[in-house]
Amino acid sequence: MLRASGEALESEVDIHTIAHGAYVEFGEELVSFATHVLERNPGLAESRNILQELVGDAGLVEAAATVAAFQGLNRIADATGIQLDDGLNSESADFRSLLGLEKFSGADSTKKTETTARSESVMGIFR
Amino acid sequence: MHSIYEIVSPGIDSRFGIAHAEVWQQLGACGTWWTGNERIEVMKEARAAHSCELCAQRKQDLTPTAASGSHSAVSDLPEEAVDLIHRVVTDPGRLTRNWAEEIMNSIGEEHYVELVTVICTQNVIEEFTVALGVPLPNFPDAGEGTPRRTRPDGVGDVGAWVSQSIDKPLANVSRCVSLVPDSAQHWRRIVDEHYSHGREFGDLVWERPLSRPQVELIASVVSSLNECFY
């Protein structure tokens, strides 16, 4: 979804540099904030303040809501052993190995497609 | 219904406060397979898992079963339920099908799914408060009643670890806990408030405080750190 939404905005998004912000606007600060939330470490307060300065109160709440949503989504997906949707399987074939995703435990649930096929819509990705 | 944030941070109220308060209360209500009191015990166990010494040790180990011992349990829930709660909360990326099947053989498939749904919904609300630096909400009151223990029609093996709706109108993650519809309803509401926003999910360009690439970057980072393949 990161790659597809970046393309829709015709903005430069590099999924290979996610850990450094992927060239998304304020990407480094968003990554830092998310990482600090997951680690629950003392750097969270400073990271939160920096992000708030850049994206405002509403942006900070949106960032917090997204981190929280995916904390839950990751857990419910892993605990129920769901498979990748067919569209998502095809969409991600070209970067799963490159990003090391195949080594994750949850990868065992899905019979992987090797050929990349891009979907034309969000709903196509989740078909 | 009042927001759970109105005292500490009124600015959060408009979008999340009421939804969180309503869902939070429902987490303590009598479920389809667990009583209200049991669900409160589940929530206490989930919150306590963050300070469990065994979980902390296992998180450092190459394999999650390297360290033996008992979880720092705070409830009288069955041992298998405690293990399920602690591992889903603290080490979700290394769960396996064999482990899940052992838990389900002990407590039952429907109990497993309802418990997972409760703690994942709780997790979203609690992580939101952690992210914003506001206090964790007090546990809800336990609802009265007796679980109906009814399995819905139209569910079966779709290749996942647990039975789900045979129909697939949306993403697999949207039907992953469809075995327990009442709990799934609260789960979907929270995810919709936080991320998908109904039909807006189908748009690649969002008019929100953050752009969609910014939101999806956060999603990617969190999923990577949690080692979530999906």
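A note on names: the letters A, B, ... follow the listed sequences, proteins ahead of strands, and every chain is numbered from 1.
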(request) Mind checking the CD-CG spacing from B/E127 to A/L38? Nearest 0.5 Å is all I need. (result) 6.5 Å

(message) To the nearest 0.5 Å, what is the distance between CG on A/L60 and CG on B/L132?
(response) 5.5 Å

(request) Determine whether the side chains of A/Q71 and B/N226 contain a donor N or O and an acceptor N or O closer than 3.5 Å. (result) yes

(request) Could you tell me whether the side chain of A/R75 and the main chain of B/V89 form a donor-acceptor pair under 3.5 Å? (result) yes

(message) Is B/Q122 close to chain A through its backbone or its side chain, or both, or neither, when contacts mean heavy atoms under 4.5 Å?
(response) neither

(message) Please classify the contact of A/S47 with chain B as side chain, backbone, both or neither, using a heavy-atom distance under 4.5 Å.
(response) neither

(message) Once rounded to the nearest 0.5 Å, what's the spacing between atom OG1 of A/T80 and atom CG of B/L179?
(response) 11.0 Å

(message) Which residue is it: B/P92, B/S224, B/C228? I am looking for the one with a side-chain contact (heavy atoms from CB on, under 4.5 Å) to A/N74.
(response) B/C228

(message) Once rounded to the nearest 0.5 Å, what's the spacing between atom CG of A/D78 and atom OG1 of B/T96?
(response) 11.0 Å

(request) Indicate yes or no for a side-chain donor-acceptor contact from B/H194 to the backbone of A/A65 under 3.5 Å, with no hydrogens or angles considered. (result) yes

(message) Quick check against the 3.5 Å criterion: does B/Q214 have a side-chain atom that pairs as donor or acceptor with the backbone of A/E25?
(response) yes

(message) Among A/V37, A/V24, A/I82, which residue has the highest count of heavy-atom pairs closer than 4.5 Å to chain B?
(response) A/I82

(message) Rounded at 0.5 Å granularity, tell me how far CH2 in B/W187 sits from CG in A/L73.
(response) 4.5 Å

(message) Whether the side chain of B/Y112 engages the backbone of A/A79 through a donor-acceptor N/O pair (distance < 3.5 Å, no angle test) should be reported.
(response) yes

(message) Need one label for A/V67: side chain, backbone, both or neither, based on atoms under 4.5 Å from any heavy atom in chain B.
(response) both

(message) Quick check: do B/V130 and A/L44 have side-chain heavy atoms less than 4.5 Å from each other?
(response) yes

(message) If we ignore hydrogens and angles and just use 3.5 Å, is the side chain of A/R48 paired with the main-chain N or O of B/A131 as donor and acceptor?
(response) yes

